[in-house]
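Structure first, commentary second.
Note on naming: letters A, B, ... go to the chains in the order of the sequence lines (proteins, then strands), and numbering restarts at 1 for each one. All values reported here derive from a predicted model rather than from experimental measurement.
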Protein chains: 2
Amino acid sequence: MGTRNEISELPPEADLARADSLAREIFSDLANKWAFLIIEFLGQRTLRFSELRNEIGGVSHKMLTQNLRMLERNGLVRRIVHPTVPPRVEYTLTEAGEGLRQVVDGMCGWTQRYLGHIEASRNRFGDDAAISAIARSDDVPGLK
Amino acid sequence: MGTRNEISELPPEADLARADSLAREIFSDLANKWAFLIIEFLGQRTLRFSELRNEIGGVSHKMLTQNLRMLERNGLVRRIVHPTVPPRVEYTLTEAGEGLRQVVDGMCGWTQRYLGHIEASRNRFGDDAAISAIARSDDVPGLK
DNA sequence: CGGGATCCAAGCCGATACTG
DNA sequence: CAGTATCGGCTTGGATCCCG
């Protein structure tokens with residue numbers, strides 16, 4: 001789907017449709033692991049680029065830049081450039097970013113709560129367990 | 001990260017460290033757009049494979065299967081196979097899945113709340129490049 | 001120090017075919 | 001209908017270099 005579809009005339013119901021697809025797009029944009037981690041760490045305090053890179057760990061220069069631009073574009077992150085040399089660039093959350101941080105925090109809490117549950121489930125899944133809990137044969141025509 | 005998940009008498013600090021890296025891994029796993037959409041739609045009601053596919057829209061057979069397996073492996077989604085012909089497979093959220101659904105719901109609410117804010121920010125951000133080419137239907141960018 | 005651009009490998013994802 | 005496997009294109013993402 002082309003995202004460069006700028007239409008000057010807005011049909012009444014197209015507005016809702018557009019909002020919906022926009023919401024879906026935002027949803028897809030933000031549901032990515034680097035974005036979540038950035039939001040989480042910036043929620044704790046304002047960080048410089050390299051600090052953020054160290055805090056997160058395992059993120060490449062490119063990915064971090066890319067996601068920071070995306071978050072900035074969507075108005076979740078504010079980029080503050082200090083005109084010094086060497087340059088000092090700080091990132092902080094906007095009000096919208098703080099709002100999403102609540103969500104991410106919720107997910108962190110959820111992860112802590114269900115960590116054991118998840119780990120157990122993984123082991124169960126990897127093991128070949130005879131999991132056939134349901135074996136109720138209904139009367140189905142066509143089955144020999 | 002190591003696959004040294006050997007359960008033994010490990011010191012409390014090591015346990016925390018392991019839990020931390022596991023949490024990070026889970027975090028990365030689940031912060032993906034298809035997983036979120038699946039959780040959201042399954043939160044509303046139990047769905048069959050093809051129903052889920054239709055509801056979400058724009059997801060390929062393969063991606064849906066792949067993500068459902070992942071969610072099942074992590075114990076968020078329960079897969080119920082009815083031994084009929086043709087087969088009928090239903091998916092529903094587990095307790096852990098319901099927990100994560102709260103988070104996803106929160107994100108949906110957040111999206112609705114800040115939709116206008118985000119849209120405005122986007123326009124502000126990209127205004128330098130594509131100003132002139134708006135709303136002119138006769139000027140088709142035919143550059144080869 | 002922060003960020004853009006480029007090259008190139010790795011994996012993601014869609015399409016298709018086949019099984020039960 | 002649901003699932004697995006395979007193949008190929010194309011996006012992703014890492015490494016590197018250079019600029020302000």
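Map A/Tyr91 and B/Gln66 each onto its nearest nucleotide of DNA chain C; the residue landing nearer the 5' end is A/Tyr91. Comparing A/Leu68 and A/Lys62 along DNA chain C, the residue whose closest nucleotide (by nearest heavy atom) sits nearer the 5' end is A/Leu68.
Put simply, CG on B/Asn67 is 17 Å from P on D/dA2, counting in whole angstrom units. When the P atom of C/dC12 is taken as reference, atom CG of B/Asp29 falls 11 Å away, rounded to whole Å. What separates CE of B/Met63 from P of D/dC10 is a distance of 17 Å, to the nearest Å. Nucleotide C/dG14 holds its P atom 11 Å from the CG atom of B/Leu64, rounded to whole Å. C/dG2 atom P lies 14 Å from atom CD1 of A/Ile80, rounded to whole Å. Put simply, CZ on A/Arg48 is 7 Å from C1' on C/dC1, counting in whole angstrom units. Atom-to-atom, CG of A/Asn32 to P of D/dT12 comes out at 11 Å; the value is rounded to the nearest Å. For A/Arg69 and C/dG4, the CZ to C1' distance is 9 Å, given to the nearest whole Å.
At a threshold of 4.0 angstrom between heavy atoms, the contacts of A/Arg88 with the nucleic acid are absent. The residue B/Arg53 sits apart from the nucleic acid: no heavy atom pair falls under 4.0 Å.
Considering only the side chain of B/Thr65, D/dT4 comes nearest among C/dG3, D/dT4, D/dA2. Of the candidates C/dT6, D/dG20, D/dA2, D/dA2 carries the atom nearest the B/Phe49 side chain, counting heavy atoms from C-beta on. Of the candidates D/dA2, C/dG3, C/dT6, D/dA2 carries the atom nearest the B/Ser50 side chain, counting heavy atoms from C-beta on. Set against C/dG20, C/dG3, C/dC1, the side chain of A/Val89 has C/dG3 as its closest nucleotide.
A/Leu52 is not listed as a side-chain neighbour of A/Arg48, based on a closest heavy-atom distance of 4.5 Å or more. Residues A/Cys108 and B/Phe27 meet the side-chain proximity criterion, which asks for heavy atoms closer than 4.5 Å. At a threshold of 4.5 Å between non-hydrogen side-chain atoms, the residues B/Leu68 and B/Phe49 count as touching.
Rounding to the nearest 0.5 Å gives a distance of 9.5 Å between CZ of A/Arg78 and CD of A/Glu95.
Under 4.0 angstrom from either OP1 or OP2 of C/dG2 there lies no side-chain N or O belonging to A/Arg79.
A donor and an acceptor atom sit less than 3.5 Å apart, one in the side chain of A/His61 and one in the base of C/dG3.
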Start with the C-alpha distance between B/Asn32 and B/Asn67, add both sets of side-chain angles, then the distance that settles side-chain hydrogen bond (donor to acceptor under 3.5 Å, both in side chains), and finish with yes or no. CA-CA 9 Å; B/Asn32 113 44; B/Asn67 279 278; 2.8 Å; yes

